Number of protein chains: 2
Amino acid sequence: MLAQMDIGGIPGRTRAEAAPIRPADGVCPFGGAIDLMGASMAFARNEEIYGEGEPAEYLYKVVSGTVRTYKTLADGRRQVGAFHLPGEMFGIETGGQHAFSAEAIDDAKVLVIKRSAVFSLAERDNDVARQLWELTARELQRVQEHLSLLIKTAQERVVGFLLEMAERAHAGNQIELPMSRQDIADYLGLTIETVSRTLTQLATMAAIEVPTSRRIVLRNRAALARLNA
Amino acid sequence: MLAQMDIGGIPGRTRAEAAPIRPADGVCPFGGAIDLMGASMAFARNEEIYGEGEPAEYLYKVVSGTVRTYKTLADGRRQVGAFHLPGEMFGIETGGQHAFSAEAIDDAKVLVIKRSAVFSLAERDNDVARQLWELTARELQRVQEHLSLLIKTAQERVVGFLLEMAERAHAGNQIELPMSRQDIADYLGLTIETVSRTLTQLATMAAIEVPTSRRIVLRNRAALARLNA
DNA sequence: CGACCATTTGATATGGATCAAGCGATGTGG
DNA sequence: CCACATCGCTTGATCCATATCAAATGGTCG
């Protein structure tokens with residue numbers, strides 16, 4: 001995490017820099033109750049939100065921009081655990097420590113919510129408790145789907161990634177990728193070269209179109225679904 | 001699941017076959033409250049406990065034996081999601097449907113607990129709700145560790161698997177594997193041949209010993225930890 | 001003993017990694 | 001405004017870890 005911490009209950013920022021408490025923009029999985037407990041913070045491109053091994057004191061919700069969580073292995077290999085889009089929560093670690101680091105992929109606004117506040121609220125409010133559980137269960141499902149990707153071929157992984165992004169961004173067939181090829185590669189357990197080659201291959205078979213490197217158009221969903229195994 | 005269902009609230013068995021309700025043998029993550037709501041059932045080697053896509057009406061807890069959960073892809077590839085040892089719960093699916101199938105690896109006794117009963121109890125009892133959440137969070141952590149395994153080399157995966165099993169069976173350095181090489185391969189995203197070769201290789205370098213194919217002795221933990229990256 | 005199944009071992013093939021170069025977009029200093 | 005460095009991405013050549021195909025071994029049960 002950043003050097004300056006916990007001024008006014010908001011991590012990593014001085015009070016002057018942090019926006020005041022306000023309702024979130026995105027859909028709220030807690031019906032608003034929990035969002036109201038948080039403060040909005042802005043992070044610049046590639047800025048760290050929290051680090052692996054730090055105490056997990058907050059829950060986070062993406063307001064705008066995109067966040068990646070990742071782990072770095074001893075030998076430098078990096079595993080991207082997830083990409084979080086606006087409206088999604090992250091930092092749902094199980095122990096008291098963050099198992100992953102989190103960084104803003106592009107300039108991002110994040111709602112930061114004190115864990116202890118949520119937990120003590122959950123003690124009293126069944127509804128909050130249930131939603132906290134559902135949040136964890138949804139995250140579990142997401143990780144299980146990610147795991148399923150990793151046992152497949154390179155082509156299947158890339159196709160699975162594209163379909164996942166298209167669905168989550170619910171942007172129809174036009175995907176605007178906020179992350180680099182390296183991010184995608186580390187998410188899929190591949191190299192950038194393989195990701196790049198696979199994309200050109202998909203473009204060659206007219207399943208997708210790549211007008212710019214960060215923009216992808218799904219041209220043939222049926223073909224992609226078939227390649228998805 | 002099996003053809004005959006839901007006789008006396010116990011799935012997949014006639015009343016005559018099912019043992020009466022009784023407390024569980026293993027450690028109970030619910031302090032006993034939930035175990036008492038369940039009935040014990042015996043499953044034979046390779047018998048299905050539930051199938052992918054079936055409605056998830058029950059939670060399960062291994063009393064004795066071992067259970068594997070798995071998914072089968074369209075082309076026949078199989079992904080083993082987890083091995084569950086005595087004392088561990090499984091069937092914590094997120095939606096209303098089971099995302100995986102579950103089978104007894106060897107003859108196994110399983111405590112079967114009605115989901116609806118647990119959930120309605122959780123509505124009233126904060127403690128049960130918290131433990132349900134912790135259970136899900138622990139499962140999340142387990143899946144994340146599994147995911148970490150899958151981005152590594154074959155040797156690292158096998159070593160990681162052995163260390164995981166040694167820890168979970170808390171049997172010191174002597175591991176008795178209930179599952180076949182095929183099960184291990186499908187868990188690690190490798191082939192049986194690669195698993196087998198890797199084990200002989202580890203034995204050759206004196207990191208482990210394989211007195212019988214299902215028994216493994218960890219000979220040099222430091223070396224194994226080093227190979228684990 | 002003999003059949004069967006799981007496991008190991010061997011030979012070869014291949015998908016993706018690695019090493020290396022080229023290319024286009026963006027930004028910077030002269 | 002242009003030369004040029006930089007960065008992210010693509011493309012090409014080669015290598016290697018693991019898959020695949022095939023056969024031998026060993027343990028279990030009738």
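Letters A, B, ... mirror the listed sequences (proteins, then strands); counts begin at 1. None of the values given here were measured: they were computed from a predicted structure. The figures here come from the full heavy-atom set of this structure, side chains too, leaving out hydrogens, waters and symmetry mates.
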Measure CG/B:Leu199 against C1'/D:dT18 and give the value in whole Å, please.
15 Å
Please report the distance, rounded to the nearest Å, between CD1 in A:Ile151 and C1' in C:dG15.
16 Å
NZ/NE/NH1/NH2 to OD/OE distance under 4.0 Å, A:Arg78 and A:Asp186:
yes
Using a heavy-atom cut-off of 4.0 Å across all strands, would you classify A:Thr153 as base, sugar-phosphate, or nothing?
sugar-phosphate
Could you check how far CZ of B:Arg77 sits from P of D:dA19, rounded to whole Å?
12 Å
With distance as the sole criterion, is a donor-acceptor pair present between the side chains of A:Gln182 and A:Tyr187 under 3.5 Å?
no
In whole Å, I'd like the distance from the CG atom of B:Leu150 to the P atom of C:dG16.
15 Å
So what does B:Leu190 touch, heavy atoms closer than 4.0 Å: a base, only the sugar-phosphate, or nothing?
sugar-phosphate
Sidechain-backbone polar pair: B:His84 side chain, B:Thr66 backbone, donor-acceptor under 3.5 Å:
no
For residues B:Leu162 and B:Ile208, determine if any side-chain heavy atom of one lies less than 4.5 Å from a side-chain heavy atom of the other.
yes
Between B:His98 and B:Tyr60, how do the two ring planes meet: parallel, tilted or perpendicular, split at 30° and 60°?
tilted
Measure from CD on B:Gln155 to C1' on D:dC16 and round the result to the nearest Å.
15 Å
Taking only side-chain nitrogens and oxygens of A:Thr200, does any of them come within less than 4.0 Å of OP1 or OP2 of D:dT11?
yes
From CG of B:Asp186 over to P of D:dA19, roughly how many Å is that when rounded to an integer?
11 Å
Anything under 3.5 Å between a protein N or O and an N or O of nucleotides 21-30 of chain D, put it in a table, one pair a line.
unit_1, atom_1, unit_2, atom_2, d
D:dC21, N4, B:Glu193, OE2, 2.9

Do A:Tyr70 and A:Gln79 have a side chain donor and acceptor closer than 3.5 Å?
no
Under 3.5 Å, which protein N or O atoms sit close to an N or O of nucleotides 7-9 of chain D? Give each pair with its distance.
unit_1, atom_1, unit_2, atom_2, d
D:dC9, OP1, A:Arg214, NE, 2.8
D:dC9, OP1, A:Arg214, NH2, 3.4
D:dC9, OP2, A:Arg181, N, 3.0

Could B:Arg68 and B:Asp183 be called an ion pair, given the rule that one side-chain N must be under 4.0 Å from one carboxylate O?
yes
Nearest-angstrom distance from the residue atom CG of B:Leu202 to P of C:dT9:
13 Å
Within the distance-only criterion (no hydrogens, no angle test), does the side chain of B:Ser196 pair as donor or acceptor with the backbone N or O of B:Ile192 below 3.5 angstrom?
no
Could you tell me the separation between the CD atom of A:Gln201 and the P atom of C:dG15, rounded to a whole number of Å?
10 Å
Have B:Ser148 and B:Glu145 got a donor and an acceptor in their side chains that come within less than 3.5 Å?
no
